[in-house]
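This report concerns only the one structure given below.
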Amino acid sequence: MLILHRELGSSVDHLVKEFEAKWTPEVGDYSKKLVEFCSSKALIKFCQNIKEKISDGSYSRFTYDMMLAWDNPRAVDEESSTEESIGKEKEDRKIQVKEQTDQDDISLFYSDQMPLLVNHEPSVEEDAFMWLSSLVPLAADIVNRRFTFETLTAPTGKRLFYPAYDRFLKEIDNCMRHLQKQAKPKGIELADDEFILHVEGTATSQRVVRHIGGSSWPGRLTLTNCALYFEASGVINYEDALKIDLSRKIDQSVKPVATGPWGAPLFDKAIIYESPDLQEGVLLEFPEITSSTRRDHWLALIKEILLMHNFLSDFKVECPIQAWEMHARTILSIIRLHAAREMLRIAPPSPTEFLIFSLYEELPKGDYVLEQLAQSLKRVNSGQPCSASSILRKLNLPEPNVLSLEAKIESEVSETIAIGKDDDNKTSLETAINQARKEGRGVAKARAVMEGLKEEGIGENATILTELLKPLRSVFLWFREILSWERPATTLLVFAAIILIVYKEWIGKALSAGLLLVVANMIRARQERLKDKQKEIVVCTGSDHTPSTRENIVSAQYGFLTVREIIKEANVTILKLHSVLVSRAHKHANTVMLAMIGLAIMFAVIPFKYLIIAVVFHSMITTSPLAKHMVNNQGGDRDRRLKEWWESIPPTPIRVINEAPVSPK
């Protein structure tokens, strides 16, 4: 309470009277609501000078004590603990210089010594961290705060201690300072709302190499919240930057790829950016001795920016204030990821635990969360001193020229907490997040079982099969033209013929006509003596140049891996079907049984020909251009639901033994 008095300039009695004037018993726990009321008023003051408060440690000390008080609002020794926190705050300021020298050892301290504090120091639990994150999106965002907390507290048994929390906030501040010092790409004028998020390829960082055909060009790679820039290294300075605009609504993608000397795909440490505007993709390699951690980090960041712009476009977020707030939240999520990687150097965290859009792109029902997130943006207020855009502004990040809002924020926020108003959008968003998180656990378990499967590979090549099936390509292309309505008259004629044959029950006659057509072709081949003209089938696996031994080895390896993946997918599919059949996946088995009962009744009651006619009509209507225009993205949502349902089925575990079982004598 002494800190509150010092920051707010109000006595404790005055704060209590102000709270009690608005509080009613129906709201909830008196003590907890009083803590929330006083904390929210103090946070507004803290956020107005948050940069200095983070640097001197007062923000981390105060907010951590806030979370402790929220966890236990009826603590008897509240006053003494507050005085102790003031002493700790002063001590933190004294050792500020010393901490700088110990920064390199923080990950060792965090991973090795933090568990020793579990039974000796107070700690914060998940709900308190989530409550603070809903007020100030600095340590975590409201949409991924649970995932952030789990990652930060993994070494300490899901309990957050002050040294880790303080270090995390200071690393966020350090990352912000580091990014602000980065040079702008040469020959490029950054937009007002463009902020540098990651840079590599400089003299003080690791190399980045761009591959163009058989040549390689080292250079500097810069990522912003709008674009990706690559500057090839010149003799003295960098050349003008190549700009890859990530904000455009086009069919652009970035994916991992293998590369190596002379274009041989030997090292899986590169990414390739592809878009319709480029004749060939932009191939960037991140050389590393062992793993591909750098490549995966860059890939996650670039995908996050692409997904953010797709989100703004898909949900038509056109208001500059709302769009910049989403930019600010994305920027903060990437900075939090940088800070966590600095703090957890021994075991870097998964990027998706800190990034917003990458997380919900992977989670089941993640699209529902993004829908609720878009709804919550409509109520955004960038004038709120604790909003993401305001925090970035206070951390010396220039804000774009958008309409600024003057705030009557203090009274509105504190009154909302005191009288117990719940934001319906936040409630809906939290419900969607919990549902996605719950289903994500089931999918994670199923994937863990699949990753544990070990199949023996095979060495045969699929080239001959591919060549033999090439004549069927023309038939496939003809069917695709029919289904895509490229020739409407032909499509209507084919559908009408199918419906007539089925309705008149001429299927047997149609099969007879087809067999006679095959016989006619065989007779024609005999008359033209094709057996003498084509004594053998030649399968060509060569190219314009003679492949080297190395290229042959690489080609064989990738062919082997392709066949191995096909076999692995087949095994997983069979094991999932077995899991459903024996009701190992109880919920999925119930769904399958209900569907099969429904189909059985339908087949027993409705004549089969009418079912076929209905299927043909459905295919004809859904593939027509008019239906595609009216349905829009519903088909994609249906396919996503089906895919998520299939992935959540846990396959039956399999155990491979090396010794044959002993048969009884």
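Only a predicted model underlies this, so the values are computations on that prediction, with no experimental measurement involved. Values below: every heavy atom of this structure, side chains too, minus hydrogens, waters and symmetry copies.
Between the side chains of Ser123 and Arg159, at least one donor N or O lies within less than 3.5 Å of an accepting N or O. A donor and an acceptor atom, one from each side chain of Glu439 and Gln435, are located under 3.5 Å apart. When only modelled atom types and interatomic distance are considered, Ser60 and Tyr165 share no side-chain donor-acceptor pair under 3.5 Å.
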Compile the donor-acceptor pairs under 3.5 Å between side chains in residues 225-233 and protein atoms, sequence neighbours left out, one pair per line.
| unit_1 | atom_1 | unit_2 | atom_2 | d |
| --- | --- | --- | --- | --- |
| Asn225 | OD1 | Phe195 | N | 2.6 |
| Asn225 | ND2 | Asp193 | O | 2.8 |
| Asn225 | ND2 | His327 | ND1 | 2.9 |
| Tyr229 | OH | Glu194 | OE2 | 2.6 |
| Glu231 | OE1 | Lys186 | N | 2.8 |
| Glu231 | OE1 | Arg220 | NH2 | 2.7 |
| Glu231 | OE2 | Arg220 | NE | 2.8 |
| Glu231 | OE2 | Arg220 | NH2 | 3.2 |
| Ser233 | OG | Pro218 | O | 3.3 |

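The ring-ring contact (aromatic ring centres under 6.0 Å, His included) check on Phe168 picks up nothing, with sequence neighbours excluded. For Glu200, the side-chain contact (heavy atoms from CB on, under 4.5 Å) partners two or more places apart in sequence, or in a different chain, are His198, Ser205, Val208, Phe286, Arg294, Trp298.
Nearest heavy atoms, Arg145 versus Glu430: NH2-OE1, 2.8 Å. Closest approach of Leu359 to Thr352, counting heavy atoms only: CB-O, 3.2 Å. Closest of all the heavy-atom pairs between Tyr238 and Gly201 is OH-O, 3.4 Å. A pairwise comparison of heavy atoms in Ile196 and Ala183 identifies CD1-O, 3.8 Å as the closest pair. Contact detail for Gly57 and Lys170: the closest heavy-atom pair is CA-NZ, 4.0 Å. Pairing each heavy atom of Glu304 with each of Ile356, the nearest pair is OE2-N, 3.0 Å.
In this structure, OG on Ser291 lies 8.0 Å from CG on Asp296, to the nearest 0.5 angstrom. Taken to the nearest 0.5 Å, the NE2 atom of His297 stands 10.0 Å off from the CD1 atom of Ile302. Residue Lys243 holds its NZ atom at 7.5 Å from OG1 of Thr224, rounded to the nearest 0.5 Å. Glu325 CD to Ser376 OG: the interatomic distance, rounded to the nearest 0.5 Å, is 9.5 Å.
Taking 4.0 Å as the cut-off between side-chain N and carboxylate O, Glu274 and Lys255 count as a salt-bridged pair.
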Exercise. Can you list the steps and then say if Arg341 with Thr293 is a side chain to side chain donor-acceptor pair (under 3.5 Å)?
Worked result: CA-CA 11 Å; Arg341 285 171 60 87; Thr293 306; over 6 Å; no
Problem set entry | Stepwise side chain to side chain donor-acceptor pair (under 3.5 Å) test for Ser333 and Arg336 | CA-CA 5 Å; Ser333 71; Arg336 282 191 290 268; 5.1 Å; no
Problem set entry | Gln182 vs His178, side chain to side chain donor-acceptor pair (under 3.5 Å): CA-CA, chis, key distance, verdict | CA-CA 7 Å; Gln182 298 302 313; His178 172 74; 3.1 Å; yes
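Contact check for Met326 versus Phe357: side-chain heavy atoms found under the 4.5 Å cut-off. You'll find the side chain of Phe46 stays beyond 4.5 Å of the side chain of Ile54, heavy atoms only. In this structure, the side chains of Leu242 and Pro185 stay at 4.5 Å or more apart for every pair of heavy atoms. Side-chain contact between Leu392 and Ile331 is present, with heavy atoms from C-beta onward closer than 4.5 Å. Two residues are said to be in side-chain contact when any heavy atoms from C-beta on lie closer than 4.5 Å; Tyr273 and Leu246 meet this criterion. Side-chain contact check for Arg393 versus Ser390: some heavy-atom pair is nearer than 4.5 Å.
The aromatic rings of Phe149 and Phe129 sit tilted relative to each other, their planes meeting at an angle between 30° and 60°. Taking the six-membered ring where the residue is Trp, Trp70 and Trp131 present parallel rings, their angle staying beneath 30° rather than reaching 60°.
Only one option out of Glu125, Glu353, Glu126 pairs with Arg146 in a salt bridge (Lys or Arg N to Asp or Glu O under 4.0 Å); it is Glu126.
The backbone N or O of Phe147 sits less than 3.5 Å from a side-chain atom of Thr151, completing a donor-acceptor pair. Remark: the backbone N or O of Leu197 is paired with a side-chain donor or acceptor of His338 at under 3.5 angstrom.
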